[in-house]
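Every chain is numbered from 1, with letters handed out A, B, ... down the list of sequences.
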Amino acid sequence: MPRGTLRTGADLNNRYNERRRTMDFAPTTLIKNLKESQLGSIVTIGGWLRTRRDSKGGFSFLEINDGSQFKGIQVVADQELGNYDELTKTYTGASLKVEGELVPSPGQGQPFEIKATSVEILGNTDQSYVLQKGRVSLEKLREVAHLRGRTNVIGATMRVRNQLSKATHDFFTGNDFLYLHTPIITSSDCEGAGQMFQVSTLDLENPPKNDLGGIDYSQDFFGRKTHLSVSGQLNAEAYACGMGRIYTFGPTFRAENSNTSRHLAEFWMVEPEAAFFTLNENTQLAAAYLRYCFKHLLDTCQDDIDFFNLRVDKGLRARLEGLVDAEYKCITYTEAVDLLLKAGKKFEFPVLWGSDLQSEHERYLCEEVFNGPVTVIDYPKEIKAFYMKLNDDGKTVRAMDVLCPHIGEIIGGAEREDRLDVLESRMAQHDLDPADYAWFLDLRRYGSVPHAGFGLGFERLVQFCTGMGNIRDVIPFPRTPKNASF
RNA sequence: UCCUGCGUAGCUCAAUGGUAGAGUAGGUGACUGUUAAUCACUUGGUUGUUGGUUCGAGUCCAACCGCAGGAGCCA
């Protein structure tokens, strides 16, 4: 670049991208980045031993995986190596750093392999290491959550999780939604829904008392009672009503004593909120987001999806592919009730307009009627939150749930009530104190706009995209009742 | 929280109320460009905990602990 030339943003960007791509300071090459074009050259990889097959011909096959992709790499270690004897005493799980030539593989099962010039044993394992070659149940793996990332199934799950996270940010930022960080500690009794974890620095053994004999929270850290957030929605609404389109993506906490395969005490939630969106655009936003996620996964996680399709859920790939282009069915709650009544099927719980859809009802709708996700809108106001916009019929609200086969509700959302007087009367019906929601009401008092949004349970999306049956296996370290290990 | 089921070798699982078994991993040996390698031999157990019934309990009963599936709540 000649002296005196102004460096443009594009120049800086190109230079930055070059550097980012090369990562030339890294001590090892990731297995996923080993390419045919490197045949004949010396490469260095690091990873964990999956199996070792010794040959009395004087060499061993080491199958090494580094987590960067589903498939590992086969390393051929010859007895000429100085530490060969030591190598034949390494076990599954041993950490190795291998330098050698990338060569075409004469054997079946892999296009190339590494002919080692050195194998450094960084750490061996012994018989007490749980992850031996044989099958280990998912239940057992939960007991060793700190090690389970070394397995095929959890590794694949976390790679899918990572790509779904990337797809989430790509989709929303790519559509001009601003990524907003909402607080984790909150004082609003958010929605009155769900038990909350209390946050306090008071001495639990001997808390300060007020005049009425209750605990004096004015002496607590925040000078009031506080909790971990059960949703960033109210805060999200505030910024949407000023910055237009925003989304949050972060941890959320529910202290419900739920012991099921689809509930966690700590989970991640994606919550977009958009000004001027009505329920109609909200449902389309949800469908567009899901479609984007499925397409992105099929493009970026082929081997992992193939694994799930083969070992976990036979129809997974076809289902995801089908959903990339499919129209997403949308029906009203009233239509859903009619479908259930006409089903001619005996349900354990009766179908009754006005009561919430039971799990068996939701499953019937998406597994037997629509054979895929289905969006249900316009629920009776009595069974939904106070902030959802009242329809003109005075009986239903502009709520939407996206129901998925096997998992149930993956998305819950609504167009928000933007009329101050209606919102106040709805809060009164729910016995909520307006003083607690003063700032939330301000959004309607000053420059109110129609707006809508939804919350997506990120782990449930990962479940849906992997076929994994238990939500505890799609988050690295699950938090559930009676379990906060690791 | 409720209902149902389960808890046996490092792991995956057997075992009519009557001597605790297999596969796999580990060990030893054989064999081999192998790939869930193969073959032979072999180490390994306070049957979740506590109490009860019985001549005798892994097995039957009770309580507790833990886990799973389903339900409720929800995302």
*Picking from B/C11, B/C74, B/U32, which would you name as closest to the side chain of A/Lys140?*
B/C11
_Given B/C74, B/G70, B/A75, identify the nucleotide with an atom nearest to the side chain of A/Glu362._
B/C74
Quote, to the nearest angstrom, the [atom1] distance that separates [N] from [M].
{"N": "B/G48", "M": "B/A9", "atom1": "P", "answer": "8 Å"}
{"N": "B/G23", "M": "B/C39", "atom1": "P", "answer": "11 Å"}
{"N": "B/G56", "M": "B/A63", "atom1": "C1'", "answer": "24 Å"}
{"N": "B/G5", "M": "B/C31", "atom1": "C1'", "answer": "46 Å"}
{"N": "B/C64", "M": "B/C73", "atom1": "C1'", "answer": "27 Å"}
{"N": "B/U8", "M": "B/G21", "atom1": "C1'", "answer": "10 Å"}
{"N": "B/U49", "M": "B/G7", "atom1": "C1'", "answer": "11 Å"}
{"N": "B/G17", "M": "B/U42", "atom1": "P", "answer": "31 Å"}

Between [N] and [X], counting only base atoms on the nucleotide and side-chain atoms on the residue, is there a donor-acceptor pair under 3.5 Å?
{"X": "A/Ser258", "N": "B/C74", "result": "no"}
{"X": "A/Asp54", "N": "B/U32", "result": "no"}
{"X": "A/Glu139", "N": "B/G7", "result": "no"}

Between [Y] and [X], do the side chains contain a donor N or O and an acceptor N or O under 3.5 Å apart?
{"X": "A/Arg150", "Y": "A/Asn65", "answer": "no"}
{"X": "A/Glu459", "Y": "A/Gln463", "answer": "no"}
{"X": "A/Arg245", "Y": "A/Asn175", "answer": "no"}
{"X": "A/Glu271", "Y": "A/Ser231", "answer": "yes"}
{"X": "A/Ser105", "Y": "A/Gln110", "answer": "yes"}
{"X": "A/His263", "Y": "A/Glu256", "answer": "no"}
{"X": "A/Thr278", "Y": "A/Asn280", "answer": "no"}
{"X": "A/His296", "Y": "A/Gln163", "answer": "yes"}

*asked:* Tell me whether the NZ or CZ atom of A/Arg53 lies within the 45° cone about the ring axis of A/Phe59 and under 6.0 Å from its centre.
replied: no
*Is the cationic atom of A/Lys384 (NZ for Lys, CZ for Arg) positioned less than 6.0 Å from the six-membered ring centroid of A/Tyr379 and within 45 degrees of its normal?*
yes
Between [X] ([atom1]) and [N] ([atom2]), how many Å, whole number?
{"X": "A/Glu143", "N": "B/G10", "atom1": "CD", "atom2": "C1'", "result": "12 Å"}
{"X": "A/Leu141", "N": "B/A68", "atom1": "CG", "atom2": "C1'", "result": "15 Å"}
{"X": "A/Phe253", "N": "B/C73", "atom1": "CZ", "atom2": "C1'", "result": "19 Å"}
{"X": "A/His263", "N": "B/G70", "atom1": "NE2", "atom2": "P", "result": "12 Å"}
{"X": "A/Asp401", "N": "B/A75", "atom1": "CG", "atom2": "P", "result": "8 Å"}
{"X": "A/Ile471", "N": "B/G69", "atom1": "CD1", "atom2": "C1'", "result": "16 Å"}

Heavy atoms only, 4.0 Å cut-off, all strands: where does [X] land among base, sugar-phosphate and nothing?
{"X": "A/Arg142", "answer": "sugar-phosphate"}
{"X": "A/Ser60", "answer": "nothing"}
{"X": "A/Glu266", "answer": "nothing"}
{"X": "A/Leu131", "answer": "nothing"}
{"X": "A/Gly455", "answer": "sugar-phosphate"}

Do [X] and [Y] touch side chain to side chain, with heavy atoms closer than 4.5 Å?
{"X": "A/Lys32", "Y": "A/Leu30", "value": "yes"}
{"X": "A/Leu131", "Y": "A/Thr125", "value": "no"}
{"X": "A/Tyr247", "Y": "A/Tyr179", "value": "yes"}

*asked:* To the nearest 0.5 Å, what is the distance between CG on A/Leu34 and CD1 on A/Ile114?
replied: 5.5 Å
*asked:* For RNA chain B, report each stem as range with range, ordered by first number, or say none. Use Watson-Crick or G-U wobble pairs under 3.5 Å, at least 3 in a row.
replied: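 So the stems come out as B:1-7 with B:65-71, B:10-13 with B:21-24, B:26-30 with B:38-42, B:48-52 with B:60-64.
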Output yes when at least one side-chain N/O atom of [X] is less than 4.0 Å from OP1 or OP2 of [N], else no.
{"X": "A/Ser137", "N": "B/U12", "result": "yes"}
{"X": "A/Ser359", "N": "B/G72", "result": "yes"}
{"X": "A/Tyr91", "N": "B/C11", "result": "no"}
{"X": "A/Thr260", "N": "B/G69", "result": "no"}
{"X": "A/Asn470", "N": "B/G69", "result": "yes"}
{"X": "A/Arg472", "N": "B/A68", "result": "yes"}
{"X": "A/Arg53", "N": "B/A37", "result": "yes"}
{"X": "A/Arg52", "N": "B/A36", "result": "no"}
{"X": "A/Gln110", "N": "B/U35", "result": "no"}

*Using heavy atoms to find the nearest nucleotide of RNA chain B for A/Asp356 and A/Thr480 separately, return the residue whose nucleotide is more 5′.*
A/Thr480
*Starting at the 5' end of RNA chain B and moving along, which residue's nearest nucleotide shows up first, A/Phe59 or A/Lys89?*
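This one resolves to A/Lys89.
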_Should A/Phe267 be counted as stacked on B/A75, where stacking needs a ring-centre gap under 5.5 Å and an angle between planes under 30 degrees?_
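A/Phe267 vs B/A75: stacking yes.
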Check nucleotides 41-46 of chain B against the protein and report each pair of N or O atoms closer than 3.5 Å, with its distance, or say if there are none.
none

*Where along residues 62-78 of chain A does a heavy atom fall under 4.0 Å from RNA chain B?*
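Correct list: A/Gln74, A/Val76.
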*Between A/Arg52 and A/Asp54, is there a salt bridge with N-O shorter than 4.0 Å?*
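Salt bridge present between A/Asp54 and A/Arg52.
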